[in-house]
Amino acid sequence: MSRRRKHWGWGYEDEQLPAAQLEALAAAMRDQLRFGGEVEAPAPLPALAAPRLAAPARLRELLDTSDHDRARHAYGCSYRDLVRGFRGDYGNPPDVVAHPRDERELEAVLEWALGAGAAVIPYGGGTGVVGGVEPIVGDGYEGVVTIDMQALDQVLEVDETALAARIQAGASGPVLERALRERGLTLRHFPQSFELQTLGGAIATRAGGHYATARTRIDDFVESVRALTPAGVWASRRLPGSGAGVAPDSLLLGSEGTLGVITEAWVRVVRRPAQIASTTVSFPSFEAGCEAARAIVQSGLTPANCRLLEADEARLTGAGDGTAALLLLAFESAELDVGGSIGQAVALCLACGGTPREPRRRTPAAGGDDRKVAAGENLDPAASWREAFVRAPYLRDALVAIGVLAETFETAITWERLAGLRASVAEAARQALREVCGGGTVTCRLTHVYPDGAAPYFTVLAPARRGAELEQWDAVKRAASAAVLDGGGTITHHHAVGRDHRPWYDRERPEPFAAALAAAKAAVDPAWALNPGVLIDRPPRRSRDSS
Ligand SMILES: Cc1cc2nc3c(=O)[nH]c(=O)nc-3n(C[C@H](O)[C@H](O)[C@H](O)COP(=O)(O)OP(=O)(O)OC[C@H]3O[C@@H](n4cnc5c(N)ncnc54)[C@H](O)[C@@H]3O)c2cc1C
């Protein structure tokens, strides 16, 4: 029998933390953070309201209206989603969940859903953290059909000359990496949600992998994309580069299910790394670590890992003792010698006041646990950081159960404004935490570094007031997001816009671009059926006699 995903939160039903471990975690959190309460049990799945759409007999095999499946597709994985799932709050699930197994079946489902006047939400792994799959679609629809793409999960072709692979949109990280590994290749796209994230979801959200520099965003990997839209197939050519006008792929990248259902893509793959060199460097301050990271990327070096942790974050993850900021540094290559690169990077760190540990060189393990590879098994010398990275998705569910408000938010900013933005965002979040939670911690790390700037990533942990978690979180999120925009940053570096980031995304984007996006959507989706409410609102309908 196949495993069933939990109806709420992360992972599978057979992966629950045993009660004893939850109790131990609660005790450890109280010890370390001085907050968190008794362990609360998740509410059972309630009976859901009857679906508003009837599945036609010819598609019945592909359509699921069971309470479990509808509940599982009602939310993604943000803190708000976890809390609502935990409490059994399923007041607004999709009416029908479709599970097409190929493009022909997807086409049939789309045709039926559009004909039935439904809104349609493409669904990958459901790991999104911004309300992108939640069926809040507004008025004017007969119901909501969520299309789960996970049955389209094959690696269809591998071009070993051009080093590219044609992969179906529903393939998760482990599934596609296993198929590529047989050929000595890797997509080398390792987000923390690697285990459940799908390729289509990554493209639709412009996801970021955990490599700190160079090729790490899914944008860099995409050679061509194929999608079904209500107006027909949208497929681009495989090209290594093209200057032919606005790139069709650039519109699908980040389209978040609003322009079409991505069915497959050709993506650039690489040979698996054969050598790794890594170390950690301590810095007396986060600012000194930033100077070093900037010097490294601006020198032309492209470390696979160049992740800078605040001292407190290093302590919380067990990677440091809380007295120094910590830079995790690693280089990897399939062919080139990495010894020189790490030597040069360490020299730049020394010039910025860093204290490096002796670099380690190694050959990566041939096989291995995908999750650990995804977490940088080969990259991070700080084993406890790596363990924390792997455990995090599971831990988030447990934190809800023990009354800890936990969430992350992230942005990107050019170097000269980084210090100001980091300080103002952290202060805004702390102030909101003081007001609505009575305290809590805010820590920061740089997840990605570019020659012209960096992506700061904030982690918030605070005492939750049971039953009031959503209001608490909304207050913190509002304060932090406003500070991000005021500080000149983007509302998201890699977590997408969804429904949750709309107010700030609308502030960020140019108005003529918003109009162009609306026009593009109207052209491929005239009924405005695909994921309404995400990225852009349906323009008000003109009444017949207005001229
Ligand atoms: C613990 C945790 C860690 C995370 N770490 C990272 C990280 O390191 N990097 C990162 O970038 N993100 C991360 N995320 C966020 C999330 O994993 C990404 O946004 C991811 O790309 C979503 O992919 P998915 O397949 O789960 O898509 P879903 O969550 O199912 O959908 C996300 C959006 O994409 C659309 N969509 C999905 N599939 C398709 C398709 N085939 N065609 C058209 N539209 C589609 C949906 O309609 C929705 O708008 C993390 C999330 C969690 C919970």
Side-chain angles (χ1 to χ4, degrees), residues 5 9-11 72-73 75-79 81-82 94 100 103 106 110 119-135 137 144 146-153 167-173 189-212 216-219 225-229 234 252-265 307 374-376 389-397 399 406-410 447-448 455 457 459 492-501 530-535:
R5 284 271 297 272
W10 190 264
R72 175 164 101 65
H73 292 86
Y75 298 124
C77 282
S78 70
Y79 176 72
D81 297 338
L82 300 188
E103 215 177 272
L106 170 64
L110 257 184
V120 172
I121 302 185
Y123 184 101
T127 67
V129 287
V130 290
V133 295
E134 186 173 348
V137 295
V144 175
T146 290
I147 303 186
D148 183 320
M149 294 295 289
Q150 286 170 106
L152 281 87
D153 69 348
I167 302 179
Q168 288 186 304
S172 68
H189 174 67
F190 295 123
Q192 193 177 35
S193 50
F194 168 80
E195 216 185 325
L196 299 176
Q197 182 209 47
T198 62
L199 178 63
I203 294 172
T205 58
R206 298 182 69 194
H210 78 153
Y211 291 99
T216 186
R217 305 191 61 105
I218 200 73
D219 308 40
V225 188
R226 184 179 169 89
L228 289 195
T229 78
W234 175 329
L252 284 180
L253 277 158
S255 56
E256 300 192 23
T258 60
L259 297 179
V261 184
I262 297 164
T263 57
E264 59 179 63
R307 190 183 270 119
F389 191 91
V390 171
R391 276 200 320 268
Y394 296 90
L395 197 58
R396 293 171 76 239
D397 290 8
L399 291 177
E407 186 59 303
T408 57
F409 52 92
E410 35 78 66
T447 56
H448 299 80
Y457 185 103
T459 300
T492 176
H493 173 262
H494 58 262
H495 279 174
V497 175
R499 292 175 173 80
D500 297 357
H501 281 158
L530 292 175
N531 219 357
V534 166
L535 290 185

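Start at 1 and go down the list; that is how both ligands and their atoms are numbered. The chain is numbered in sequence order, starting from 1.
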Heavy atoms, side chains only, cut-off 4.5 Å: are [X] and [Y] in contact?
X	Y	result
Q150	T198	yes
I147	L106	yes
I167	E264	no
I218	H189	yes
E407	R396	yes
R499	N531	yes

Please classify the [X] to ligand 1 contact at 4.0 Å (heavy-atom distances, strictly less than): side chain, backbone, both or neither.
X	answer
I262	both
P191	both
M149	side chain

Ligand 1 to [X] polar contact by distance, N or O atoms, under 3.5 Å:
X	answer
W10	no
R396	no
T127	yes
G125	yes
H495	no

Could you go step by step and tell me if H448 and Y457 meet the side-chain contact (heavy atoms from CB on, under 4.5 Å) rule?
-> CA-CA 9 Å; H448 299 80; Y457 185 103; over 6 Å; no
Which atoms of ligand 1 are found less than 4.0 Å from any heavy atom of [X]?
X	value
G124	25 (O), 28 (P), 30 (O), 37 (C), 38 (N)
A204	34 (O), 35 (C), 36 (N), 44 (N), 45 (C)
A202	21 (O)
V129	51 (C), 53 (C)
P393	1 (C)
G132	48 (C), 49 (O)
A207	11 (O), 21 (O)
N531	47 (O), 49 (O)

Donor-acceptor under 3.5 Å (T205 side chain, G201 main chain) | yes
Ignoring hydrogens, just give me the one of [options] whose non-hydrogen atom is nearest [atom].
atom	options	result
atom 25 (O) of ligand 1	L228, V225, L199, T198	T198
atom 28 (P) of ligand 1	G126, G201, S78	G126
atom 46 (C) of ligand 1	P122, A496, G131	P122

Here the pair of heavy atoms bringing I262 nearest to G200 is CD1-O, 4.0 Å
Taking atom types as modelled, find out whether R206 and H495 have a side-chain donor-acceptor pair closer than 3.5 angstrom.
-> no
Could you go through residues 119-135 and list every donor-acceptor pair under 3.5 Å that involves a side-chain atom there, pairing it with any protein atom two or more places apart or in another chain?
residue	atom	partner	partner atom	Å
Y123	OH	R72	O	3.3
E134	OE1	R84	NH2	2.9
E134	OE2	R84	NH1	2.9

For R217 and H493, run side chain to side chain donor-acceptor pair (under 3.5 Å): C-alpha distance rounded to whole Å, both residues' side-chain angles, the deciding distance at 0.1 Å, then the answer.
-> CA-CA 10 Å; R217 305 191 61 105; H493 173 262; 3.2 Å; yes
Close approach of [X] to ligand 1, heavy atoms, under 4.0 angstrom:
X	value
V133	yes
R206	no
G76	no
H210	no
G260	yes

Describe, in one word, how the ring planes of F190 and H210 are oriented to each other, choosing from parallel (under 30°), tilted (30 to 60°) and perpendicular (over 60°).
-> perpendicular
What pairs with E410 under salt bridge (charged side-chain N to carboxylate O under 4.0 Å, His left out), at least two apart in sequence or on another chain?
-> none
